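Quantities reported herein were computed from a predicted structural model and do not represent experimental measurements. Atom set for the values below is all heavy atoms of this structure, side chains included, hydrogens, waters and symmetry mates excluded.
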Amino acid sequence: MPLSANNPDRKSWLHVDKNSDFPIQNIPFGVFLTRDDIITIGTRIGDTAIDLGALHQLGYFEGIALTDDIFLQDTLNDFIADGRKTWRAVRNRIAEIFDSENTRLKNNVKHKEIVLFRLDEIEMQLPVQIGDYTDFYSSIEHATNVGTMFRDPDNALLPNWLHIPVGYHGRSSSIVPSGIPVHRPQGQTLPTGAAEPVFGPSKLIDFELEMAFITTDANDLGEPIPVEEAEEYIFGLVLLNDWSARDIQKWEYVPLGPFLAKNFASSISPWIITLDALEPYRVEGPKTIKPQLDYLQYKGKKSFDINLEVSIQPKGAKESVVSKSNFKYMYWNMAQQLAHHTVNGCPVNSGDMMGSGTISGPTPDSYGSMLELTWKGEKPIKMKDGSERKFINDNDTVIMRGFCEKDGTRIGFGEVSTKLLPVYSKK
Ligand code: MN
């Protein structure tokens with residue numbers, strides 16, 4: 001099926017600002033609560049949210065094999081499980097409905113009243129019920145920086161890193177959409193020089209700049225997904241802030257890896273940008289340093305040129321950009337990650353989420369965490385309001401944004417914006 005929704009020449013009859021992340025070529029999917037307190041699946045063009053449940057009821061998806069209630073749900077899981085052919089047909093149809101040449105909905109005032117919402121009339125929800133969450137560690141710059149700081153600059157990468165897309169199983173219960181604040185966690189840490197641990201608020205709260213992909217039902221128990229087929233099972237991507245408590249992490253991570261330092265919160269942007277929409281932005285990945293085993297070898301371009309940015313906004317002050325990175329820096333791509341994840345027969349389900357790992361670039365201003373940007377706190381960052389940050393302070397808001405741009409078409413992710421609240425206390 002052709003990706004007619006990606007036609008760069010198409011214009012919409014809905015207003016779209018020049019620098020909008022959501023031109024008619026984007027057509028992301030999300031879940032929102034409407035002004036009438038109804039939850040629905042929707043999309044967005046410019047600053048207009050579109051109720052796909054209502055559009056379907058009004059007959060606009062006629063001819064596409066969809067169940068009646070596919071969009072009248074509080075998650076995208078069932079729609080995602082319908083597979084790539086259906087996602088494409090629906091995106092293509094949405095592009096047609098909102099094409100400036102098409103007057104069917106444009107001239108129907110009654111229908112428009114039911115289907116269209118301003119952004120201030122809706123509340124974005126978590127787009128999928130995430131069954132399983134896996135986080136990779138696929139940026140060579142990040143792994144090298146962390147290895148240099150905590151182990152040995154001469155052997156920063158562990159021996160397995162150039163052979164395996166290293167990852168761990170995370171926790172999905174604490175994944176929240178943009179706008180939901182999170183509390184500074186408490187936990188065990190080992191103060192410098194101390195022999196015994198103490199309990200208290202984490203002093204080193206950090207963000208991790210990541211992207212995450214959402215999968216469809218991919219395989220049966222025991223069945224590996226070949227690397228060349230892997231992208232067929234990727235519905236789309238979101239921005240991910242994988243909140244981390246560095247002092248808790250340092251004490252707890254030996255020998256089984258991240259635990260409470262990572263699972264207190266992970267924040268995602270609410271619109272899933274489909275892999276189809278990102279098609280024009282494919283680029284070559286980094287050169288492989290060591291030969292990779294056959295099941296990880298791929299052909300073609302499987303990396304994506306996505307500009308990423310992180311800001312910190314102190315309470316009542318302007319935001320300061322602290323990092324600019326790019327998704328294309330990832331050493332291991334999504335297809336390799338999914339092939340590796342399933343090579344032992346581990347099943348992947350509709351709505352599973354796979355984090356890329358912190359996306360650090362080659363230069364110090366492109367690092368994807370405060371740990372690296374301030375080099376363990378040794379080089380604090382100056383904010384616009386004159387204050388300094390080594391890590392994230394209470395009541396700071398961390399904002400991540402991402403977009404692709406080529407030949408005048410910009411496809412963006414919007415943002416994931418999260419305020420860090422002080423330690424939880426029962427009222
Ligand atoms: Mn992470």
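Seen from the ring of Tyr60, Arg93 does not count as a face-on cation partner, given the 6.0 Å and 45° thresholds. Phe403 carries Arg410 over the face of its six-membered ring, with the cationic atom under 6.0 Å from the centre and within 45° of the normal.
For the pair Ile273 and Gly412, the tightest heavy-atom approach, listed with the atom from each and the gap, is CD1-O, 3.3 Å. Summarising the geometry of Ser202 relative to Ala245, their closest heavy-atom pair is OG-CB, 3.5 Å, with the distance given to 0.1 Å. Residues Phe327 and Ser356 approach most closely at CE1-CB, 4.0 Å, considering heavy atoms. Taking all atoms of both residues into account, the shortest heavy-atom contact from Gly53 to Thr40 is N-OG1, 3.6 Å. In terms of heavy-atom proximity, Pro286 sits nearest to Met330 at CD-O, 3.2 Å. Across all non-hydrogen atoms, the minimal contact from Ser100 to Lys106 is O-NZ, 3.8 Å.
When the shell of 6.0 Å around NZ of Lys112 is examined, it contains more than 12 heavy atoms from other residues, nucleotides or ligands. By the 6.0 Å contact criterion, CZ on Phe150 is enclosed, its count of non-hydrogen atoms from other residues, nucleotides or ligands being greater than 12. Environment of CZ in Arg84: crowded, with over 12 heavy atoms of neighbouring residues, nucleotides or ligands closer than 6.0 Å. Atom CG of Asn344 is surrounded by more than 12 heavy atoms from other residues, nucleotides or ligands within 6.0 Å. More than 12 non-hydrogen atoms from other residues, nucleotides or ligands lie less than 6.0 angstrom from CD of Glu309.
There is a side-chain donor-acceptor pair under 3.5 Å between Ser311 and Glu319. Residues Glu372 and Ser369 have side chains that bring a donor and an acceptor to within less than 3.5 angstrom of each other. A donor-acceptor pair shorter than 3.5 Å cannot be found between the side chains of Ser350 and Asn77.
Checking side-chain atoms of Asp99 against main-chain N and O of Ser12 turns up no donor-acceptor pair under 3.5 Å. Judged by distance alone, the side chain of Asp206 and the main-chain N or O of Met370 form a donor-acceptor pair under 3.5 Å. At least one donor-acceptor pair under 3.5 Å links the side chain of Trp161 to the backbone N or O of Tyr137. Of the possible donor and acceptor atoms, none in the side chain of Asn326 sits under 3.5 Å from a partner among the backbone N and O of Leu308. A donor-acceptor pair under 3.5 Å is formed between the side chain of Glu121 and the backbone N or O of Arg118. Side chain of Ser20 to backbone of Val16: no donor-acceptor contact under 3.5 angstrom is found. Checked by atom type and distance alone, the side chain of Trp87 pairs as donor or acceptor with a backbone atom of Ile80 at under 3.5 Å. Side-chain N or O atoms of Arg91 include one that pairs as donor or acceptor with a backbone N or O of Asn26 at under 3.5 Å. In this structure, Asp352 contributes its side chain and Thr215 its backbone to no donor-acceptor pair below 3.5 Å. At distances below 3.5 Å, at least one donor-acceptor pair connects side-chain atoms of Ser244 with backbone N or O atoms of Asp242.
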Set out, in order, the CA-CA distance, both residues' side-chain angles and the distance that settles side chain to side chain contact (heavy atoms under 4.5 Å, CB included) for Leu72 and Gln57, then state yes or no.
CA-CA 9 Å; Leu72 300 173; Gln57 279 184 320; 3.8 Å; yes
Show your working on salt bridge (Lys or Arg N to Asp or Glu O under 4.0 Å) between Asp385 and Lys318 and close with a plain yes or no.
CA-CA 7 Å; Asp385 68 355; Lys318 283 210 173 93; over 6 Å; no
Give the C-alpha distance, both sets of side-chain angles, the deciding distance and a yes or no for side chain to side chain contact (heavy atoms under 4.5 Å, CB included) between Asn241 and Val398.
CA-CA 9 Å; Asn241 179 355; Val398 175; 3.7 Å; yes
For salt bridge (Lys or Arg N to Asp or Glu O under 4.0 Å), just list the numbers for Arg282 and Glu231, CA-CA rounded to whole Å, side-chain angles, deciding distance to a tenth of an Å, and then say yes or no.
CA-CA 12 Å; Arg282 286 181 181 274; Glu231 286 183 346; 2.8 Å; yes
Candidate pair His341 and His169, rule ring pair (Phe, Tyr, Trp, His ring centres under 6.0 Å), full reasoning:
CA-CA 11 Å; His341 203 311; His169 287 118; 5.6 Å; yes
Is there a side chain to side chain contact (heavy atoms under 4.5 Å, CB included) between Val182 and Trp243? Walk through the geometry before answering.
CA-CA 9 Å; Val182 305; Trp243 291 97; 4.0 Å; yes
Would Phe98 and Trp13 count as a ring pair (Phe, Tyr, Trp, His ring centres under 6.0 Å) here? Give the steps.
CA-CA 6 Å; Phe98 292 93; Trp13 50 264; 5.2 Å; yes
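Inter-residue side-chain proximity for Met353 and Leu240 is flagged as met; some heavy-atom pair is nearer than 4.5 Å. Side-chain contact between Ile272 and Leu76 is present, with heavy atoms from C-beta onward closer than 4.5 Å. In this structure, Val322 and Phe207 have side chains that are in contact, with non-hydrogen atoms separated by less than 4.5 Å. In this structure the side chain of Met334 never reaches within 4.5 angstrom of the side chain of Met354, judged on heavy atoms. Pro185 is not listed as a side-chain neighbour of Leu260, based on a closest heavy-atom distance of 4.5 Å or more. By the 4.5 Å heavy-atom criterion applied to side chains, Asn108 and Leu58 are not counted as neighbours. Looking only at side-chain heavy atoms (C-beta outward), Val31 and Met124 stay at 4.5 Å or farther from each other. Contact check for Leu420 versus Asn395: no side-chain heavy atoms found under the 4.5 Å cut-off.
Lys302 and Glu228 are joined by a salt bridge, as a carboxylate oxygen and a charged side-chain nitrogen come within less than 4.0 angstrom of each other. Ion pair Glu208/Arg246 flagged as a salt bridge, since at least one NZ, NE, NH1 or NH2 atom sits closer than 4.0 Å to an Asp/Glu carboxylate oxygen. Salt-bridge annotation for Arg401 and Glu415: present, with a side-chain N of the basic residue lying under 4.0 Å from a carboxylate O of the acidic one. The existence of a salt bridge linking Lys85 and Asp82 is excluded, since no basic side-chain nitrogen approaches an acidic carboxylate oxygen closer than 4.0 Å. Ion pair Asp276/Arg88 flagged as a salt bridge, since at least one NZ, NE, NH1 or NH2 atom sits closer than 4.0 Å to an Asp/Glu carboxylate oxygen.
Remark: Ile411 CD1 to Cys404 SG distance equals 7.0 Å, nearest 0.5 Å. Considering NE2 of His56 and CG of Asp51, their distance stands at 12.0 Å, rounded to 0.5 Å. Rounding to the nearest 0.5 Å places NE2 of His142 at 8.0 Å from CG of Asn145. Note: Ile399 CD1 to Thr418 OG1 = 9.0 Å, rounded to the nearest 0.5 Å. Leu209 CG to Ser139 OG: the interatomic distance, rounded to the nearest 0.5 Å, is 9.5 Å. Remark: Asn307 CG to Tyr281 OH distance equals 10.5 Å, nearest 0.5 Å.
Checking each of Lys419, Arg184, His183 against Asp394 for a side chain to side chain donor-acceptor pair (under 3.5 Å) leaves exactly one that passes, namely Arg184.
Note: Phe32 and Phe117 have perpendicular aromatic rings, judged against thresholds of 30 and 60 degrees for the angle between ring planes.
Close placement of the Phe71 and Phe61 rings is indicated, their centers lying within 6.0 Å of each other. Aromatic ring centres of Phe29 and Phe79: separated by under 6.0 Å.
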